[in-house]
Amino acid sequence: MLKLAVCVSGGGTNLQAIIDAINNGTITNAKISVVISNNKDVYALERAKNHGIEGICISPKDYESRAEFNKAFLDKLDFYEVDLVVLAGFLVVIPEEMIAKYRNRIINIHPSLIPSFCGTGYYGLKVHEGVLSRGVKVTGATVHFVDEGTDTGPIIMQKAVEVKQGDTPKELQQRVMEEAEWIIMPKAIDLIANGKVSVEDGKVIIAE
Ligand code: GAR
């Protein structure tokens, strides 16, 4: 049974999609051991509580230095003996020592088709604003492993979503979540939990 830590910074709709997928059997062989937030007031922690899942807050603001925060964060993952770290709208930079220790065991959901509209500065609504201002007709979401770069790790799964004329950033964000994020994030976790995902030469191979 793969033990997950799901890291969140906001409303937690992706967390909810993972919880639902575990409950309805879309994800097998995995359970959420802990939900980690960098903000104690987020609704995502409420969602964890409502489902009897342990939720904790760990914020860089509560530590004197980034190094102390990084150590405390890593200690938490070790404490819960986490196999896979799932970044579901987590807006804190992942410490390098964590990336090294959890190589190909940290995944992130990004709300565009990487390598478009990703990297530093592209998060949340800003991604959809970028998409609309460039006028592309297709966007989507990407689940990828986390490496030392920003949104540069091996891509596990992507799904395209149509951009509609007259979309607002919020409308587009909602469509990308409904038609892509909430589908591919649970699918990727299920594939990993069932041993189907490997990384070769920086690229993901999915076993048939
Ligand atoms: C999601 O759209 C996710 O793709 C995005 O934050 C949102 C979190 O929503 N992540 C990023 O932009 C990461 N660069 P949620 O809290 O409702 O799951």
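Just follow the structure's listing: the first ligand is 1, and inside any ligand the first atom is 1.
For the atom pair Y123 OH and F90 CZ, the distance stands at 14.5 Å (nearest 0.5 Å). A distance of 10.0 Å separates CG in L2 from CD1 in I27, rounded to the nearest 0.5 Å.
Which of I109, T142, V8, V42 comes nearest to atom 13 (C) of ligand 1 through a heavy atom is settled by distance: it is I109. Nearest to atom 15 (P) of ligand 1 by heavy-atom distance, out of T120, V176, T13, V127, is T13.
Considering backbone and side-chain atoms alike, G124 places an N or O below 3.5 Å from some N or O of ligand 1. No N or O atom of Q173 sits closer than 3.5 Å to an N or O atom of ligand 1. In terms of polar-atom proximity, defined here as any N/O pair under 3.5 Å, N14 does make such a contact with ligand 1. Remark: ligand 1 and Y123 share no N or O pair separated by less than 3.5 Å (distance only, no angle test). Here's the thing with G10: none of its N/O atoms is less than 3.5 angstrom from an N/O atom of ligand 1.
Nearest protein neighbour of atom 16 (O) of ligand 1, counting heavy atoms only, is G12 N, 2.8 Å. For atom 14 (N) of ligand 1, the closest non-hydrogen atom on the protein side is H110 ND1, 3.3 Å. The protein atom (non-hydrogen) at minimum distance from atom 11 (C) of ligand 1 is P111 CD, 3.7 Å. Nearest protein heavy-atom contact of atom 9 (O) of ligand 1 is M177 CE, 3.4 Å. For atom 6 (O) of ligand 1, the closest non-hydrogen atom on the protein side is G89 CA, 3.7 Å.
Under 4.0 Å from ligand 1, the heavy atoms of Y122 that appear belong solely to its backbone.
Summarising the local packing, CZ of R103 is surrounded by more than 12 heavy atoms from other residues, nucleotides or ligands at distances under 6.0 Å. Residue-environment remark: CD (E81) stays at or below the threshold of 12 foreign heavy atoms within 6.0 Å.
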Step-by-step side chain to side chain contact (heavy atoms under 4.5 Å, CB included) determination, I155 to K203: CA-CA 7 Å; I155 292 171; K203 287 182 265 306; over 6 Å; no

Let's go through V199 and N104 carefully: what are the C-alpha distance in whole Å and the side-chain angles of both, what is the deciding distance for side chain to side chain contact (heavy atoms under 4.5 Å, CB included) to 0.1 Å, and is it a yes or a no? CA-CA 8 Å; V199 180; N104 295 337; 3.6 Å; yes

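Those atoms of ligand 1 with a heavy atom of E181 less than 4.0 angstrom away are 1 (C), 2 (O), 3 (C), 4 (O).
I156 approaches I206 most closely through the heavy-atom pair O-CD1, 3.7 Å. In terms of heavy-atom proximity, V85 sits nearest to L77 at CG2-CD1, 3.7 Å.
A 4.5 Å side-chain heavy-atom check between Y102 and L84 finds every atom pair outside the cut-off.
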